[in-house]
Structures are given as structure tokens and as C-alpha cells.
Amino acid sequence: MFLQLPTRTLDLGRPRIMGVLNVTPDSFSDGGRYVQPDAAVQHARLMVEEGATIIDVGGESTRPGAEPVPEAEELDRVVPVIERLRRELDCVISVDTMKPAVMDAACAAGAELVNDVLALQAPGALEVVARRRAAVCLMHMQGEPRSMQRDPRYGDVVAEVRDFLARRLQACAGAGIAAASLLVDPGIGFGKTDAHNLRLMAELDTLLGLGRPVLVGVSRKSMLGRLLGLPAERRLHPGLAVAAVAAWLGASVVRTHDVAATAEAVSMSWTLRQARTIQR
Ligand code: PT1
């Protein structure tokens, strides 16, 4: 499978790593260490050397409880960093935003992929992405970051997430966005209990049935600590296990803060999976 970007294609014949580049002073795990453009670019360079194909630049945290960031502030954070990444690094640049104006400015600065936890539901978002010919990650979220973990409820979480993503794929088609430019994402931790997250992981093949590559992000999420009774600083190893399983089940992109370790875990999982496919 390939992902159509504005001026090239990304080969997803093997799983790719999306490295998280937070340019927020309040990010849940990087604690604002990369707010300076120099430090951000340096961190991105390291992630590319460690095996990241995509760098996901975010100026507004979407973790549970996070407060919205004003548009002007978000633009100030992400645009200078994207301009420098474009000039200095060889990677696909993604912008993690819910705001159409930020999507537009980010694409003008060199972003090729829009990673939107709102799946382009904001007024004007579909139009911006269509005009820019950007690729998109459509993610499922119940509620909004500030309050989404208060009382998440579903009848059948897998069916509801699948049907939501199918409707957003349709909305993109209606706006003239090429199917080949679209990724889908169950949104692990976004308005979901641990049981909901586990069901979505266990039934990832249901999302593969949508016919588009699947992105999974579990890196450092609170579910990992809760399920195993571990403190926040010990989420790396369970996160690697989930990344390996996601790749085994067919995820095409794994979003992570811990690129070197995740790239190795995913490569090993993929190598084993390939050996099985060839043998049978
Ligand atoms: C994700 C994702 C994302 N996750 C995509 N974009 C985050 N496409 C940001 C917790 O429970 O999975 N896919 N952008 C980070 N979101 C969270 C959610 C961080 C939950 C932490 C938690 O700790």
C-alpha cells in the first residue's frame, strides 16, 4: 500500500515510524523541552536518524484534560519549526492540529500530512486539505480532550469507531480528497476506557477492513501504566509490546516518542510476520 502525498508517495509496504515532536510547553511527557526551534529541529534530526519516516509536529496537546491553545499561539509554535524541518531534514512532515488555519499555514510551510484528532470535522478543514492536496490521518475521538475521559460510553466500541471512520472517509471523498491520501486511526486513549482500548487493539483487523492504512499511537499513554500497575516513567516496555502487536496485526504507521526502541520492536515484529507469510 502507498500513501499519496502532495508531490510524492510514501511506501507503506512495511510499517513506518511517526516520531512525536511536541512544540508545547505543557506536553504530557516531554515537558516542553522542545519549544525552542533549535532544540525541536535537533530532536527531530535524532528521531530521523533513529528510524522515523514521519515527524509529527504538534503545538496543542490533546492528552486527557488538556486545555485548548489559541490559534495565533499554535501558529507561532509550529510554523517556524516546520519551515526549518523542510529545509534541513529528509522526512515526511506531519502537523498534529485540529484547526483549519494551522493546517493551511503548516502545509504552506512544508507539511505534507495533516494529523487531525477531529478527523476534519471543524468547519473548513476538509476544504483546506483538499486544496493543499495533503495526506490526512483521520482519528476517532469521543468528546473533546478536556473532558473525554470523564465517562466514555459505547454500545459496540469497535463497530462505532469503524462506522465513524467510514463516514469521515466518505466526507473526504465528497470534498474531493483522494482515497489514496487517507490514513485511519482508532484513537487509543481518546474518550475510551482501558477495556475499550483493548477491544480496539484486539480487533484492529476490523479497521483494516476500511481499506486504508491504519495508524496506531499508544506511546507513553496512561492505559499502559494502569493495565500493568506501573508508574508513568515505566510505560516504555509495555508500549513497545503494543507497537509490536500493532505491526503484527497490520498497522502501517506507529506513532511514538521513543523512536529507536519502537523502530526495532516494529522491525522485528514485521520480520517475523513476513517469515510466516512466506512459509504458508
Ligand atoms: C494518536 C495520538 C495523536 N495521540 C494520532 N494523533 C496523541 N493520529 C496525540 C493518556 O491516556 O493516538 N493518534 N496525537 C496523544 N494523546 C494522548 C491520549 C496522550 C491519551 C495521552 C493519553 O495518557
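Whatever order the structure lists ligands and atoms in, that order sets their numbers, starting from 1. Since this is a predicted model, take the numbers as computed values, not measurements. Heads up: numbering here begins at 1 and tracks the sequence.
The shell of residues lying under 4.0 angstrom from ligand 1, judged by heavy atoms, excludes Gly187.
Between Arg235 and ligand 1, not a single N/O pair is under 3.5 Å apart. Distances between N or O atoms of Asp96 and those of ligand 1 include at least one value under 3.5 Å. Considering backbone and side-chain atoms together, Asp56 places no N or O closer than 3.5 Å to any N or O of ligand 1.
Between Lys192 and Met148 there is no side-chain heavy-atom pair separated by less than 4.5 Å.
The 12-atom threshold is exceeded at CZ of Arg8, counting heavy atoms of other residues, nucleotides or ligands nearer than 6.0 Å.
Between the choices Met223, Lys221, Met18, His257, the shortest heavy-atom distance to atom 18 (C) of ligand 1 belongs to Lys221. Among Ala119, Gly189, Pro64, Gly191, the residue whose heavy atom lies nearest to atom 22 (C) of ligand 1 is Pro64.
By the criterion of a heavy-atom distance under 4.0 Å, the side chain of Arg255, and not its backbone, is placed next to ligand 1.
In summary, the side chains of Ser222 and Arg226 do present a donor paired with an acceptor at a separation below 3.5 Å, with no hydrogens or angles considered. A donor-acceptor pair shorter than 3.5 Å cannot be found between the side chains of Thr97 and Glu60.
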Practice item. Please report the C-alpha distance between Asp96 and Arg255 in whole Å, then the side-chain angles of each, then the deciding distance to 0.1 Å, and finally whether the salt bridge (Lys or Arg N to Asp or Glu O under 4.0 Å) criterion is met. Key: CA-CA 11 Å; Asp96 188 345; Arg255 183 182 183 276; 3.2 Å; yes
